[in-house]
Amino acid sequence: LDPLRSLLHSISSRLSDKELADMKFLCRDKIGKGKLSAVQSGQDLFNILIEQQEITRDNLELLKKLLQHIKRQDLLSEVVQFEEGQFHAPDEQPDEHEKPVAVILGHVGREWKRLMRELGMPEVNLDRIEAAYPFKLYEQLVLALREWQKWKGKDAKVGDLIQALRGCNLNLVADKVEE
């Protein structure tokens with residue numbers, strides 16, 4: 001795999017919709033209005049910027065400025081690590097949500113929609129997830145937690161998961177997550 005594309009994919013997967021919109025706004029002088037309106041993901045945006053040679057393996061200045069403007073220091077530091085040759089894809093690093101998500105997946109079950117409502121997920125998203133996997137409870141919960149993380153972006157905190165679990169009276173699960 002191309003290391004630059006791996007980095008950009010990693011960044012794209014962790015951008016919230018608002019952050020993507022902000023980045024699109026910041027690129028208006030570099031990308032035409034028609035092309036920008038078709039951008040639906042960070043990958044779309046990065047593909048255009050690569051085509052226009054605004055982002056290259058040896059020139060990541062625009063990417064760094066964009067991440068700085070949207071206040072994503074975590075992603076900015078990954079770009080700097082990449083430039084220094086020390087970048088490792090997030091798949092190779094433990095995610096701070098990995099253990100809590102594993103605990104939740106093992107213990108929440110049919111209460112998944114209640115938990116996601118407590119986390120503030122829109123009902124339409126929950127219905128869409130349920131329709132995508134009608135008889136697969138585990139897959140519904142996996143997808144719901146992924147969407148919540150993507151939706152919240154850098155604001156997705158383990159503390160919010162614990163608070164939502166307690167709000168659903170799932171205190172045993174919350175205790176296991178805290179361990």
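Just so it is clear, the values below take in all heavy atoms, side chains as well, and ignore hydrogens, waters and symmetry mates.
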- Item | Arg128: salt bridge (Lys or Arg N to Asp or Glu O under 4.0 Å) partners, not counting sequence neighbours | Glu147
- Residue set satisfying side chain to side chain contact (heavy atoms under 4.5 Å, CB included) with Lys24, at least two apart, ordered chain then number -> Leu20, Leu36, Val39
- Message: So Glu83 and Leu60, do their side chains get closer than 4.5 Å, heavy atoms only?
- Response: yes
- Query: Taking it one step at a time, do Leu63 and Leu8 satisfy side chain to side chain contact (heavy atoms under 4.5 Å, CB included)?
  - Reply: CA-CA 9 Å; Leu63 179 60; Leu8 295 174; 3.6 Å; yes
- Check Glu19 against Leu15 and note the closest heavy-atom contact, atom names and distance. OE1-CA, 3.5 Å
- Distance-minimising heavy-atom pair for Trp148 and Met116: CB-CE, 3.4 Å
- Task: Using the side chain to side chain contact (heavy atoms under 4.5 Å, CB included) rule, take Ile162 and Asp175 through it: C-alpha gap first, then chi angles, then the decisive distance, then the call.
- Result: CA-CA 8 Å; Ile162 293 168; Asp175 291 343; over 6 Å; no
- Separation between OG (Ser41) and CG (Asp44), nearest 0.5 Å, reads 3.5 Å
- Item | Identified side chain to side chain contact (heavy atoms under 4.5 Å, CB included) partner of Leu165 from the options Asp160, Leu170, Leu119 | Leu170
- Can you tell me how far the CG atom of Leu76 sits from the CG atom of Leu67, to the nearest 0.5 Å? 6.0 Å
- In Å and rounded to the nearest 0.5 Å, what is the CG to NZ distance from Leu66 to Lys30? 9.0 Å
- Task: Kindly determine whether Arg166 and Glu178 satisfy salt bridge (Lys or Arg N to Asp or Glu O under 4.0 Å), including the steps that lead there.
- Result: CA-CA 11 Å; Arg166 295 206 186 283; Glu178 283 181 328; 2.8 Å; yes
- Determine whether Leu126 and Glu123 make a side-chain contact, defined as any pair of heavy atoms from C-beta on separated by less than 4.5 Å. yes
- Query: Yes or no on side chain to side chain contact (heavy atoms under 4.5 Å, CB included) for Glu78 and Ser10, after CA distance, side-chain angles and deciding distance?
  - Reply: CA-CA 10 Å; Glu78 283 184 21; Ser10 167; 3.6 Å; yes
- Message: Test side chain to side chain contact (heavy atoms under 4.5 Å, CB included) on Leu26 and Lys65; report intermediate values, then the result.
- Response: CA-CA 10 Å; Leu26 293 167; Lys65 285 178 184 172; over 6 Å; no
- Message: Quick test of your reading of the model: are Asp127 and Lys113 salt-bridged, counting only N-O distances below 4.0 Å?
- Response: yes
- d(Ser77 OG, Phe82 CZ) to nearest 0.5 Å is 14.0 Å
- Item | Gap between atom NZ of Lys35 and atom SG of Cys27 - 0.5 Å precision | 12.5 Å
- Note on the structure: Output for pair (Ile31 CD1, Ile48 CD1), nearest 0.5 Å, gives 5.0 Å
- Inter- and intrachain pairs under side-chain hydrogen bond (donor to acceptor under 3.5 Å, both in side chains), touching residues 46-63, at least two apart: Arg5-Asn47, Glu61-Lys64
- Could you pull out all residues at least two apart from Asp74 that satisfy side chain to side chain contact (heavy atoms under 4.5 Å, CB included)? Arg72
- Note on the structure: On a heavy-atom basis, the closest approach of Trp151 and Pro122 is CZ2-CD, 4.3 Å
- Below 4.5 Å, heavy atoms only, C-beta onward: do Asp22 and Lys18 meet side chain to side chain? yes
Could you give the side-chain donor-acceptor pairs of residues 137-146 under 3.5 Å, partners two or more places apart or in another chain?
{"unit_1": "Gln140", "atom_1": "OE1", "unit_2": "Trp112", "atom_2": "NE1", "d": "3.0"}
{"unit_1": "Gln140", "atom_1": "NE2", "unit_2": "Tyr133", "atom_2": "O", "d": "2.5"}

- Message: Tell me every residue that passes side chain to side chain contact (heavy atoms under 4.5 Å, CB included) with Glu118, counting only those two or more places apart in sequence or in another chain.
- Response: Ala164, Cys168
- Message: If you define the side chain from C-beta out and look only at heavy atoms, does anything of His9 sit under 4.5 Å from Gln43?
- Response: yes
